[in-house]
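See structure below.
Computed from heavy atoms alone, side chains included, the values below leave out hydrogens, waters and symmetry copies. Only a predicted model underlies this, so the values are computations on that prediction, with no experimental measurement involved.
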Amino acid sequence: MNQSTTTKLTVAVLGPGGIGGLLAALLSRSGHRVICLARQDTADTLRRDGITVHSRQYGDFTAAVEADTELREPVDACLITVKHTALDAALPQVPPAAVGDALVVPFLNGVEHPAALRARYRPDLVAPAVIRTESTRVAPGVIEHGSPFIELDLAGDAVPRARLDALAGHLSAAGTTARVAGDETAALWAKMVFLAPFALLTTRYGVPLGTARTRHRDELEALVAETAAVSRACGAPADPAQALARYDAFPAATKSSMQRDAEAGRPLELDAIGGALLRAADRHGVPVPVTERLVRELRAAGH
């Protein structure tokens, strides 16, 4: 992958939903060749209609993309943007032989997926990414991008730095704020420290962030403290005060993706977020009683 942002890439996107569809559209609009991998009906829609984005940041636009049910040719990068609950079922769409020496860039919640992907693809080319934005697929090929920003951190301790820098440059040129994180563990846990309390609390009580951070403030602070303690035990710095300040800065109506999934009756990423947090806490002997209770109550509710 050439480091120049004038080079045009071929990028596969597995799961063109809220995040994948948005990135696919931005990369296509920036002149790159984008192949979306989806179920047959979605692939047909994307080939015919492209991806339409309604965005506070970018306005409204439609971008043409290619689409297929499986990756059949070499690409420069393969973005994996399915939900964790769909990962195992979706991975056959990107056979290792077709992926070859492409960067494999998972935008998944949680901290356990990089190891699973490195067992399947070239481990030195799996580059876990963290994205901060609010984006929802409202219909096949139709994306509502609600937040006025897209912030991306690319990581991968064993991945050649030049390739990470090059991809970050292309993503930034396409309109995101992308950077390369120096420490993969720190990048993944920084997202977890913010996401886990937000997702567990808003989903458990069925309320947006504004209500969660006021009515359930004590629990929020306890969750943040517990998650930060686990993060530090895993070797990643964590600042509970900074996490709380970020919650307070978000619009009151903000909902977590887990909460949106619960409202829509979709499977929850409870194990990838809450379960992974509990497993890491158990490995390091960190007590997390509030996290344990919320995960238990969500599971008891059928999640």
Side-chain angles (χ1 to χ4, degrees), residues 11-29 32 34-58 60-71 75 77-94 104-110 113 117 128-147 149-152 171 174-176 178 191 195 198-199 202-203 254-273:
V11 180
V13 177
L14 176 64
I19 297 300
L22 179 60
L23 293 176
L26 289 172
L27 287 166
S28 172
R29 189 180 69 157
H32 301 287
V34 177
I35 306 168
C36 291
L37 304 169
R39 293 191 300 267
Q40 187 68 59
D41 54 345
T42 299
D44 292 342
T45 299
L46 297 182
R47 273 196 298 268
R48 183 182 66 243
D49 301 332
I51 297 176
T52 296
V53 174
H54 303 290
S55 170
R56 288 178 58 189
Q57 183 175 7
Y58 307 106
D60 297 346
F61 70 94
T62 299
V65 295
E66 298 176 37
D68 205 338
T69 56
E70 182 180 315
L71 183 62
V75 293
C78 178
L79 312 185
I80 298 180
T81 54
V82 295
K83 289 287 183 87
H84 209 293
T85 51
L87 182 62
D88 289 346
L91 283 179
Q93 295 177 273
V94 279
V104 175
V105 188
F107 288 85
L108 274 72
N109 291 326
H113 57 277
L117 291 170
V130 171
I131 187 166
R132 290 175 291 278
T133 197
E134 185 180 5
S135 186
T136 306
R137 187 192 92 149
V138 295
V142 182
I143 307 298
E144 296 277 359
H145 175 223
S147 52
F149 59 85
I150 304 176
E151 298 172 353
L152 293 163
L171 288 165
T176 75
K191 173 74 177 281
L195 177 65
F198 174 36
T202 56
T203 307
T254 303
K255 295 181 177 183
S256 66
S257 60
M258 186 188 289
Q259 180 186 359
R260 290 184 188 279
D261 286 340
E263 291 172 351
R266 294 187 291 260
L268 303 192
E269 293 184 300
L270 183 58
D271 188 65
I273 298 171

(message) Test your reading of the model: is there a side-chain donor-acceptor pair from Thr203 to the backbone of Ala199, 3.5 Å cut-off?
(response) yes
(request) For His54 and Asp60, test the side chains for any donor-to-acceptor distance below 3.5 angstrom and give the result as yes or no. (result) yes
(message) Between Ile35 and Val11, is there a side-chain heavy-atom distance shorter than 4.5 Å?
(response) no
Show me the donor-acceptor pairs, under 3.5 Å and distance only, between side chains in residues 12-23 and residues at least two apart or in other chains.
none

(message) For Phe107 and Val130: C-alpha separation, side-chain torsions, deciding distance, then whether side chain to side chain contact (heavy atoms under 4.5 Å, CB included) applies.
(response) CA-CA 6 Å; Phe107 288 85; Val130 171; over 6 Å; no
(request) Work out which heavy atom in Leu46 is nearest to a heavy atom in Gly141; give both atom names and the distance. (result) CD2-CA, 3.4 Å
(request) Please tell me if the side chains of Glu70 and Pro92 come closer than 4.5 Å, counting only heavy atoms from C-beta onward. (result) no
(message) Rounded at 0.5 Å granularity, tell me how far OG1 in Thr45 sits from CD in Gln40.
(response) 10.0 Å
(request) Name the orientation class of the two ring planes belonging to His145 and Tyr58 (parallel below 30°, tilted from 30 to 60°, perpendicular beyond 60°). (result) parallel
(request) Output the distance between atom OG (Ser257) and atom CD (Glu269), rounded to the nearest 0.5 Å. (result) 5.5 Å
(message) To the closest 0.5 Å, what do you measure between SG (Cys36) and CG (Leu71)?
(response) 12.0 Å
(message) Could you check whether any side-chain heavy atom of Ile273 comes within less than 4.5 Å of a side-chain heavy atom of Met258, counting everything from C-beta outward?
(response) yes
(message) Is it the case that the side chain of Thr176 and the backbone of Leu171 share a donor-acceptor pair, with hydrogens and angles ignored and the cut-off at 3.5 Å?
(response) yes
(request) Could you tell me the separation between the CG atom of Asp261 and the OG1 atom of Thr85, rounded to the nearest 0.5 Å? (result) 7.0 Å
(request) May I ask you to decide whether Glu134 forms a salt bridge with Lys255, counting only side-chain N to carboxylate O separations under 4.0 Å? (result) no
(request) Using a strict 4.0 Å threshold on nitrogen-to-oxygen distance, state whether Arg47 and Asp68 make a salt bridge. (result) no
(message) Determine whether a donor-acceptor pair (N or O, by modelled atom type, separation under 3.5 Å) exists between the side chain of Lys191 and the backbone of Asn109.
(response) no
(request) Determine yes or no for a side-chain-to-main-chain donor-acceptor pair under 3.5 angstrom, with Thr42 supplying the side chain and Ala38 the backbone. (result) no
(request) First locate atom CG of Leu91, then atom CG of Leu37, and finally report the distance between them rounded to the nearest 0.5 Å. (result) 11.5 Å
(request) With the side chain counted from C-beta on, respond yes when Phe198 and Thr254 share a heavy-atom pair under 4.5 Å apart, and no when they do not. (result) yes
(message) Does Arg266 have more than 12 heavy atoms from other residues, nucleotides or ligands lying within 6.0 Å of its CZ?
(response) yes
(message) For the residue pair Arg132 and Phe149, would you count it as a cation-pi contact if the rule is NZ or CZ under 6.0 angstrom from the ring centre and within 45 degrees of the ring axis?
(response) no
(request) Compare all side-chain heavy atoms of Ile80 with those of Leu117 and state whether any distance is below 4.5 angstrom. (result) yes
(request) Please report the closest heavy-atom contact between Ala262 and Leu268, naming both atoms and the distance. (result) N-CD2, 3.4 Å
(message) Quick one, Ile51 and Ser28 - any side-chain contact, counting heavy atoms below 4.5 Å?
(response) no
(request) Identify the heavy atoms of Ile150 and Gln57 that sit nearest to each other, and give their distance. (result) N-OE1, 3.6 Å
(message) Counting C-beta onward and ignoring hydrogens, is there a side-chain heavy-atom pair between His84 and Asp271 closer than 4.5 Å?
(response) no
(message) Would you say that Leu79 contacts Leu27 through its side chain, given a criterion of any heavy-atom pair below 4.5 Å between the two side chains?
(response) yes
